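Treat the numbers as computed from the prediction; the structure is a model and nothing was measured. What you see below is based on every heavy atom in this structure, not just the backbone, and it leaves out hydrogens, waters and symmetry mates. We name chains A, B, ... by the order of the sequence lines, and we start the count at 1 in each one.
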Amino acid sequence: GEDVEQSLFLSVREGDSSVINCTYTDSSSTYLYWYKQEPGAGLQLLTYIFSNMDMKQDQRLTVLLNKKDKHLSLRIADTQTGDSAIYFCAESDQAGTALIFGKGTTLSVSS
Amino acid sequence: DVKVTQSSRYLVKRTGEKVFLECVQDMDHENMFWYRQDPGLGLRLIYFSYDVKMKEKGDIPEGYSVSREKKERFSLILESASTNQTSMYLCASSSRTPIIQYFGPGTRLLVL
C-alpha cells in the first residue's frame, strides 16, 4: 500500500542548514509536498514539487526529488529558531483524491 | 486569502457526551477531510467528503460520523465520546489539481 516514511527528529544549530528526508512508495504520485506545523497550529503548505522535476528552490527552501529511489528531501538554508516546527512529507494517493502524510519530523533549532 | 475555520480551538467533554466539531471553508472546494493527530502516530484520516451529502471512510472511522449538508461546511460527530478520542482534530479542504490541502487551526479535544 501507499506509505510515506521520515525520521522523527532533527536537531540543528541556528545558521546551519537542515535537511529533512522522506521516502515514499507510490511511484505514480503526481505531486509531492512539504507541510509545516508550528506548535498548537494546523498544517501549512510550504512547497510542492511536480514528479517530473528534480529540484525546486524557493528562497531558503530547496526540494530535491530522486524518483528512481523514491526519495524526497527538504533543505532549509540558514536555519532560524522560527523554523522549529514539525515538517510533514506527503504524496497524493492513487485515487488522486487525498494526501498520504508521513508521521512528521520535529526540527529543533538551538541558538 | 484562503481560509478554513474550525468551531472551537479547545473543547472539554465528558465520556458519553455527543460532540460536534464544525469546519467551514471559503474556497468553494469539493473535497473536505477530517484527521486526528496524536503524538508518534502522525495524521490519521477519519472521513472525507468529495461532494455535498457524500462521504467516504478513512483509516479510522470507528466511533465517528460526519455530515456535509452544504458545500462549505463539514461536521465531525462523536456519537458517544470516549477517553481514547482525546486528541487534536484537524479539518482540511483541498483543490483538485494539484491536490493542495488547506488546514484549519485544529481543535484540541479532551474527553474526561
Side-chain angles (χ1 to χ4, degrees), chain A residues 1-9 20 22-26 28-53 56 58 63 65 72 85-108, chain B residues 1-10 21 23-25 27 29-51 54-61 74 87-109:
Chain A
E2 303 149 323
D3 196 17
V4 176
E5 295 200 357
Q6 49 185 131
S7 53
L8 293 182
F9 298 102
I20 302 171
C22 167
T23 57
Y24 61 96
T25 55
D26 186 0
S28 66
S29 292
T30 308
Y31 294 93
L32 294 135
Y33 308 79
W34 284 104
Y35 279 80
K36 176 183 180 182
Q37 184 183 33
E38 294 181 353
L43 278 69
Q44 65 178 98
L45 178 70
L46 270 183
T47 187
Y48 64 94
I49 186 167
F50 189 48
S51 58
N52 69 353
M53 296 170 65
K56 181 178 180 181
D58 184 1
V63 177
L65 175 60
L72 184 73
I86 305 176
Y87 291 82
F88 291 91
C89 171
E91 63 172 346
S92 45
D93 70 359
Q94 288 185 346
T97 308
L99 298 184
I100 311 296
F101 288 89
K103 287 187 167 54
T105 299
T106 298
L107 174 64
S108 174
Chain B
D1 202 15
V2 299
K3 205 154 180 118
V4 178
T5 55
Q6 295 183 227
S7 49
S8 306
R9 291 300 306 274
Y10 302 95
L21 302 181
C23 175
V24 178
Q25 51 102 357
M27 293 163 282
H29 287 157
E30 278 85 11
N31 295 346
M32 296 187 74
F33 306 83
W34 275 106
Y35 295 90
R36 64 177 282 178
Q37 182 180 19
D38 300 289
L41 298 178
L43 273 71
R44 292 181 291 169
L45 181 63
I46 305 171
Y47 268 98
F48 71 96
S49 168
Y50 52 90
D51 204 346
M54 307 302 286
K55 61 184 179 185
E56 290 281 345
K57 291 180 181 178
D59 300 318
I60 52 161
F74 191 35
S87 186
M88 171 74 127
Y89 290 88
L90 292 164
C91 173
S93 71
S94 79
S95 57
R96 286 265 173 94
T97 306
I99 306 169
I100 296 178
Q101 289 194 0
Y102 297 89
F103 284 81
T107 296
R108 193 166 289 281
L109 173 67

Count the heavy atoms of every other residue, nucleotide or ligand shown that sit under 6.0 Å from NZ of A:K103, and state whether that count exceeds 12.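 For A:K103, atom NZ is not crowded (no more than 12 foreign heavy atoms under 6.0 Å).
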Non-hydrogen atoms of B:S94 and A:T97 that approach each other most closely: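 Looking at all heavy atoms of both residues, the shortest contact is OG-O, 4.3 Å.
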Can you list the residues that meet the side chain to side chain donor-acceptor pair (under 3.5 Å) rule with B:R44, with sequence neighbours excluded?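 For B:R44 the side chain to side chain donor-acceptor pair (under 3.5 Å) partners, ignoring immediate neighbours, are B:D38.
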Listed by residue number, which members of residues 43-51 of chain A have a heavy atom under 4.5 Å from any heavy atom of chain B?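 The list, in residue order, reads A:L43, A:L45, A:Y48.
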For each of B:L43, B:L45, B:L90, B:N31, tally heavy-atom pairs with chain A at distances under 4.5 Å, and name the one with the top tally.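 Looking at each of B:L43, B:L45, B:L90, B:N31 in turn, B:L43 comes out on top.
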Could you list the residues that satisfy side-chain contact (heavy atoms from CB on, under 4.5 Å) with A:T105, not counting sequence neighbours?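 Applying side-chain contact (heavy atoms from CB on, under 4.5 Å) to A:T105 gives A:Q6, A:S7, A:L10, A:I20.
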Mind checking side-chain contact (heavy atoms from CB on, under 4.5 Å) for A:A90 and listing every partner two or more places apart, or none if nothing turns up?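 If we apply the side-chain contact (heavy atoms from CB on, under 4.5 Å) test to A:A90, skipping adjacent residues, the hits are A:Y33, A:L99, A:F101.
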Which atoms of B:F33 approach chain A - backbone, side chain, both or neither, heavy atom under 4.5 Å: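 Answer is side chain: those atoms of B:F33 sit under 4.5 Å from chain A.
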Can you tell which part of B:E30 gets under 4.5 Å to a heavy atom of chain A, answering side chain, backbone, both or neither?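 For B:E30, no heavy atom lies under 4.5 Å from chain A.
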Sidechain-backbone polar pair: B:R108 side chain, A:G40 backbone, donor-acceptor under 3.5 Å: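 No.
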